[in-house]
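These notes are about the structure you will find just below.
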Amino acid sequence: MRDFTTKQMGDACEMLVAAELTLAGIPALKVPDNWPQYDVIAQPLGLPPQRISVKSRTFKVGSAYVEYNEPDQFDWLAIVILGQGEGHGRAIYVIPRAEAAKVARQDKPTSKTANIRYFRIDEVERLFSRYRNNFALGAPSGLP
């Protein structure tokens with residue numbers, strides 16, 4: 001049993017991502033609630049503002065998913081997973097949208113959920129370990 005709602009968890013994770021980016025030298029802030037398509041805006045030095053969609057989930061093995069809407073406009077997907085690992089802490093992945101799109105699952109084009117892209121929560125570490133704690137908004141070595 002947890003002492004916070006799903007909305008409170010989502011808001012806290014958005015603020016957490018904005019804080020980590022800022023402390024890594026990229027000023028960022030949470031946009032107002034119900035802002036369309038992304039949750040955090042960051043301003044790297046000398047680059048255009050970066051839009052970040054934040055998704056938060058509690059770790060679970062099996063058929064539990066992190067998902068985003070394909071038509072949404074954002075530059076980075078931040079996935080915050082609570083209760084992952086031996087210490088049951090949190091894991092944060094900040095992934096370029098193009099990289100997330102390469103491995104995202106999707107349903108048939110004729111389905112009602114055709115615009116949803118998703119990943120199993122228990123596969124996020126395997127898929128995106130190189131983007132864990134990527135608060136500098138950089139690509140890992142070997143990638144453009």
Side-chain angles (χ1 to χ4, degrees), residues 1-22 24 26-44 47-144:
M1 187 104 176
R2 60 185 189 198
D3 295 330
F4 50 85
T5 67
T6 303
K7 168 85 167 89
Q8 290 168 326
M9 182 177 95
D11 288 347
C13 290
E14 290 168 6
M15 290 184 287
L16 178 64
V17 169
E20 291 287 3
L21 287 163
T22 299
I26 299 178
L29 58 90
K30 179 185 177 302
V31 298
D33 286 348
N34 299 316
W35 194 266
Q37 304 182 24
Y38 59 94
D39 307 294
V40 171
I41 190 82
Q43 182 62 66
L47 294 174
Q50 299 292 294
R51 302 163 298 179
I52 303 162
S53 178
V54 179
K55 304 299 179 186
S56 59
R57 299 291 181 269
T58 302
F59 184 79
K60 179 181 175 185
V61 175
S63 59
Y65 299 90
V66 174
E67 60 186 43
Y68 69 90
N69 291 315
E70 197 283 325
D72 285 355
Q73 296 179 19
F74 58 90
D75 305 300
W76 299 83
L77 176 65
I79 301 174
V80 181
I81 301 178
L82 303 177
Q84 180 175 338
E86 290 185 27
H88 302 288
R90 58 183 167 253
I92 304 172
Y93 307 84
V94 185
I95 309 149
R97 182 184 179 141
E99 289 296 311
K102 286 180 187 178
V103 297
R105 296 179 183 197
Q106 57 184 317
D107 296 335
K108 293 180 182 178
T110 55
S111 73
K112 289 183 181 181
T113 56
N115 284 333
I116 303 292
R117 302 296 180 262
Y118 56 98
F119 317 92
R120 275 180 47 155
I121 292 171
D122 60 0
E123 294 178 344
V124 169
E125 172 65 21
R126 179 182 60 79
L127 293 171
F128 303 117
S129 62
R130 65 185 180 261
Y131 295 106
R132 192 169 184 168
N133 300 325
N134 183 27
F135 304 118
L137 298 183
S141 58
L143 293 176

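Index from 1, following the sequence.
Distance alone, capped at 3.5 Å, places no donor-acceptor pair between the Asp39 side chain and the Glu14 backbone. Between the side chain of Gln37 and the backbone N or O of Trp35, no donor-acceptor pair lies under 3.5 Å.
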(request) Quick one: do Arg51 and Asp75 satisfy salt bridge (Lys or Arg N to Asp or Glu O under 4.0 Å)? Show the steps, please. (result) CA-CA 5 Å; Arg51 302 163 298 179; Asp75 305 300; 3.1 Å; yes

(request) Could you walk me through whether Tyr93 and Ile81 pass side chain to side chain contact (heavy atoms under 4.5 Å, CB included), step by step? (result) CA-CA 9 Å; Tyr93 307 84; Ile81 301 178; 4.3 Å; yes

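The minimum heavy-atom distance linking Ala114 with Pro109 is given by the pair CB-O, 3.5 Å. Minimum heavy-atom separation, Ala18 to Lys30: CB-N, 4.0 Å. Residues Val40 and Tyr38 share a closest heavy-atom pair of O-CD1, 3.6 Å. Between Ala24 and Ala136 the shortest heavy-atom distance is CB-N, 4.5 Å. Lys7 and Asp11 get closest at one heavy-atom pair: NZ-OD2, 2.8 Å. What you find for Arg120 and Gly62 is that their closest heavy atoms are NE-O, 3.4 Å.
A salt bridge links Glu125 with Arg132: at least one charged nitrogen is closer than 4.0 Å to a carboxylate oxygen.
Contact check for Phe135 versus Val94: side-chain heavy atoms found under the 4.5 Å cut-off. Residues Asn69 and Ile116 meet the side-chain proximity criterion, which asks for heavy atoms closer than 4.5 Å. Residues Trp76 and Ser53 fail the side-chain proximity criterion, which asks for heavy atoms closer than 4.5 Å. Side-chain contact between Phe74 and Ile52 is absent, with no heavy atoms from C-beta onward closer than 4.5 Å. No side-chain heavy atom of Val124 sits less than 4.5 Å from a side-chain heavy atom of Arg57.
Remark: Ile26 CD1 to Gln50 CD distance equals 8.0 Å, nearest 0.5 Å. To the nearest 0.5 Å, atom CZ of residue Arg105 and atom CZ of residue Arg117 are 13.5 Å apart. Rounded to the nearest 0.5 angstrom, Tyr118 OH and Glu123 CD are separated by 11.0 Å. Taking CD of Glu99 as the reference point, atom CZ of Arg130 lies at 5.5 Å (rounded to 0.5 Å). In this structure, Gln106 CD and Ser111 OG are separated by 9.0 Å, a value rounded to the nearest 0.5 Å. Between Thr22 atom OG1 and Leu29 atom CG the span is 7.5 Å, to the nearest 0.5 Å.
When the options Ile95, Asn134, Leu77 are evaluated for a side-chain contact (heavy atoms from CB on, under 4.5 Å) with Phe128, the one that passes is Ile95.
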